[in-house]
Trainee: 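This structure is in structure tokens; I'll ask about it shortly.
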Amino acid sequence: MVLDGILVLLILAMAWRCVRTTDLFEAIIVFVGLGMMIALVWTRLQAPDVALAEAAIGAGLAGALLLANLRQLPEDSSAVRWRSSWLWWSLWGILGLALGFAVVSIQTTPVSLMPLVQAHLPESGVTHPVTAVLLNFRALDTALELAVLLWAWMAQRHLFEGNFKAFHSLQGGVLKTTVKMLFPLVVLIAVYLLWRGSSSPGGAFQSGAVLAAAWLMLWLAQLPGLNWQRLSLKVGLLGGVMVFFWVGLLGLFQGAGFMGYPADQAGGWILLIESVAALSIGLLLASMVLVSMPNFQEQSP
Amino acid sequence: MMLFYQVMMGVLLLCIVLGLVQLVWGHNSADRLMAVQLLGTIGVAILLLAAQAYEAPSLRDVALVLALLAAVTGVAFVRLRPDKEDRKP
Amino acid sequence: MNWLEAGLSWFGIGLISLGVVFFIAGSVGLLRFGESVNRLHALTKADSMGLGLVVIGLVLQAPGIAVGLKLMIIWTLGLLSASLVSHLIGQSLCSQRRDD
Amino acid sequence: MSVWIYSLCALGLVLIGLYGLVRSHHGLQQLLSINVMGSGVFMLLLALAARHAPADAVPQAARHAPADAVPQALVLTGIVVAISALALGLALLRRLASYDKGASHD
């Protein structure tokens, strides 16, 4: 109880500092710390799946992405600023009151889909409820989410401009040696998370994020990593969505409906989709972060 | 035993508050980077204690990923820090 | 057998408390030391000793071998990342000082 | 009880994010504010999901009444979409900045 209170105060203070400070580097570093604290909150709210994803994405990849872009952006930006007036503050207060009322009223009418999920869990092919929801009960949502990721990646590719500042130089080979040691371990952890996903927290998203972090690490150490011109890589980027929809169509022919699997084969199909989706998510996230990094053009002219 | 773990977690959270003070009033980017590194390590320790106290083994996986990604963040911050350092004599 | 387990449990409690003391010392040091390099020294103490003692204390109370091994992997990872990042921070501090 | 604390924290995060979105000086900080607001929304969803299992009684409650899985799956997809939106927003900002620079040189 006291712990919750301290954690909440800490988070609110960090969020305030993050939006209030005038130093952008400080804002980013506070944002990364905020991601770590929020991962703690998710574990406290009994959502370890989400905590895994937040620890990998919010506390890891987001920091690298923001910093890589901060160096390329000019100091002053043409952000539209509003002058603070009593009108703005009163609107803000009214919105706060309305949201507070909504939060209070939603608390008094508890609704849960959990009984429904648990009733159908045995026929989903996995034993972990969150994975069952993601890849069986609401599989179409997850497939479309992968498509959104792909779309954002394509849009970002077309927007990007090629003037980069180089990495800060380093002396000695400590970074390279350590990354060479860490890389197999990181890939092993990604596979482990994927494997755990069917019975306990873990799964394609978390595994993909950890894979992306592994490739990011290789890039930061300037070791030979992925070659973005390779055809197999492009297939890998598209693979998640494609396999997802093919398996979905297969369900249509077998009479289980689009995106439905027969109950006895569900486990195998889910494992296949999850492995390809994890690879795809990892590649997409890695390339989204790497596009904004120095030296990216060297390998993809 | 539960009480002991909770007290330890509370003390560690207070350490995070101290780290946050350093994060906000640090003198240069290296200080802030150290503070965020400390935050990550304390977060790992809290997660491990919580996994033991609440018998929730999946929290150890979260700790594993957090420890790993703290390293990636640290490397990224050193290699991509802003060019102009706030050079205070 | 019972007194052995009780002894291990108390030993674990002692180690965890000592680890937390290291964390406190590290954060206070981070706040109070004057030079960036000194602060780095405080940070590494908290990182390696604090986390290490907490992990060893928890290993003594771990429910099984696999959990103990996983805890040791986490500690190894923490040690590697702490030493790597402090080395890099040290380099960046040096290059800054050379530029000035 | 802790569900209440986190619901109020979610409310606070959304309001702080809105404040930052309107008042910050730089486009990058506005993107950060949007992400802070997003974290607030995720926190409210998860707090509602954990409502049936009070966090103070985790060891018992975690086995008998797990938190609702559907909002958790929603938030999981939401986090990945949020990072891709952040990446896209940063790319747009950089394009905008280079456009501004080109316009001032001409």
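Throughout, a chain's letter reflects where its sequence line sits, starting with A, and its residues are numbered from 1. The figures that follow rest on heavy atoms only: side chains count, while hydrogens, waters and symmetry mates do not.
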Trainee: Any pair with a residue in residues 127-140 of chain A that passes salt bridge (charged side-chain N to carboxylate O under 4.0 Å, His left out), sequence neighbours left out, goes on the list, sorted by first then second residue, please.
Mentor: A:R138-A:D141

Trainee: Measure A:V103 against the heavy atoms of chain D and call it side chain, backbone, both or neither at under 4.5 Å.
Mentor: side chain

Trainee: Using non-hydrogen atoms and a 4.5 Å limit, figure out which bit of D:L44 sits close to chain A: side chain, backbone, both or neither.
Mentor: side chain

Trainee: Is it the backbone or the side chain of A:T21 that comes under 4.5 Å from a heavy atom of chain D, or both, or neither?
Mentor: both

Trainee: Search all heavy atoms of D:V3 against all heavy atoms of D:A50 and return the closest pair with its distance.
Mentor: CG2-O, 4.0 Å

Trainee: Heavy-atom distance under 4.5 Å to chain D: side chain of A:L7, backbone, both or neither?
Mentor: side chain

Trainee: How close do A:L211 and A:G282 get, counting heavy atoms only, and between which atoms?
Mentor: CB-CA, 4.3 Å

Trainee: Would you say the side chains of A:H128 and A:D49 form a donor-acceptor pair under 3.5 Å?
Mentor: yes

Trainee: Between A:L146, A:V148, A:V41, A:L3, which residue shows the highest count of heavy-atom pairs closer than 4.5 Å to chain D?
Mentor: A:V41

Trainee: Select all residues of residues 26-36 of chain A having any heavy atom within less than 4.5 Å of some heavy atom of chain D, and report them by number, or 'none'.
Mentor: A:A27, A:I28, A:F31, A:L34

Trainee: Using every non-hydrogen atom in the two residues, find where A:A209 and A:L61 come nearest and quote the distance to one decimal.
Mentor: O-CD1, 4.1 Å

Trainee: Heavy-atom distance under 4.5 Å to chain D: side chain of A:I38, backbone, both or neither?
Mentor: side chain

Trainee: As an exercise: rank D:L74, D:V70, D:L90 by heavy-atom pairs under 4.5 Å with chain A and give me the winner.
Mentor: D:L90

Trainee: Using atom types as modelled and distance alone, determine if a side-chain donor or acceptor of D:Q72 lies under 3.5 Å from a backbone N or O of D:L46.
Mentor: no

Trainee: Does any N or O in the side chain of A:S105 come within less than 3.5 Å of the main-chain N or O of A:A102, such that one atom is a donor and the other an acceptor?
Mentor: yes

Trainee: Please identify each residue that fulfils side-chain contact (heavy atoms from CB on, under 4.5 Å) with A:W92, with sequence neighbours left out.
Mentor: A:W88, A:W89, D:L15, D:L18, D:Y19

Trainee: Would a distance-only check, ignoring hydrogens and angles, find a side-chain to backbone donor-acceptor pair under 3.5 Å from A:T131 to A:T127?
Mentor: no

Trainee: Relative to chain D, which segment of A:W153 carries a heavy atom at a distance below 4.5 Å: side chain, backbone, both, or neither?
Mentor: neither

Trainee: Has D:Q29 got a side-chain atom pairing as donor or acceptor with A:V19's backbone, closer than 3.5 angstrom?
Mentor: yes

Trainee: What part of D:L11 lies closer than 4.5 angstrom to a heavy atom of chain A: side chain, backbone, both or neither?
Mentor: side chain

Trainee: When you measure from the side chain of A:E274 to the backbone N and O of A:G203, does any donor-acceptor pair fall under 3.5 Å?
Mentor: no

Trainee: Using heavy-atom distances under 4.5 Å, tell me whether A:L12 contacts chain D through its side chain, its backbone, both, or neither.
Mentor: both

Trainee: Can you say whether D:L92 sits under 4.5 Å from chain A via the side chain, the backbone, both, or neither, judging by heavy atoms?
Mentor: both

Trainee: Between A:N69, A:V117, A:L9, who has the most heavy-atom pairs with chain D when the cutoff is under 4.5 Å?
Mentor: A:N69

Trainee: Counting heavy-atom pairs closer than 4.5 Å to chain A, which one of D:A69, D:S7, D:G20 comes out on top?
Mentor: D:A69

Trainee: Under a 4.5 Å heavy-atom cutoff, which of A:L99, A:L65, A:V133 has the most pairs with chain D?
Mentor: A:L65

Trainee: Checking A:S200 now: which residues fulfil side-chain contact (heavy atoms from CB on, under 4.5 Å) with it, not counting sequence neighbours?
Mentor: A:R196

Trainee: Going through the checks in order, is the side chain to side chain contact (heavy atoms under 4.5 Å, CB included) test met by D:M43 and D:L13?
Mentor: CA-CA 9 Å; D:M43 195 179 285; D:L13 279 181; 3.9 Å; yes

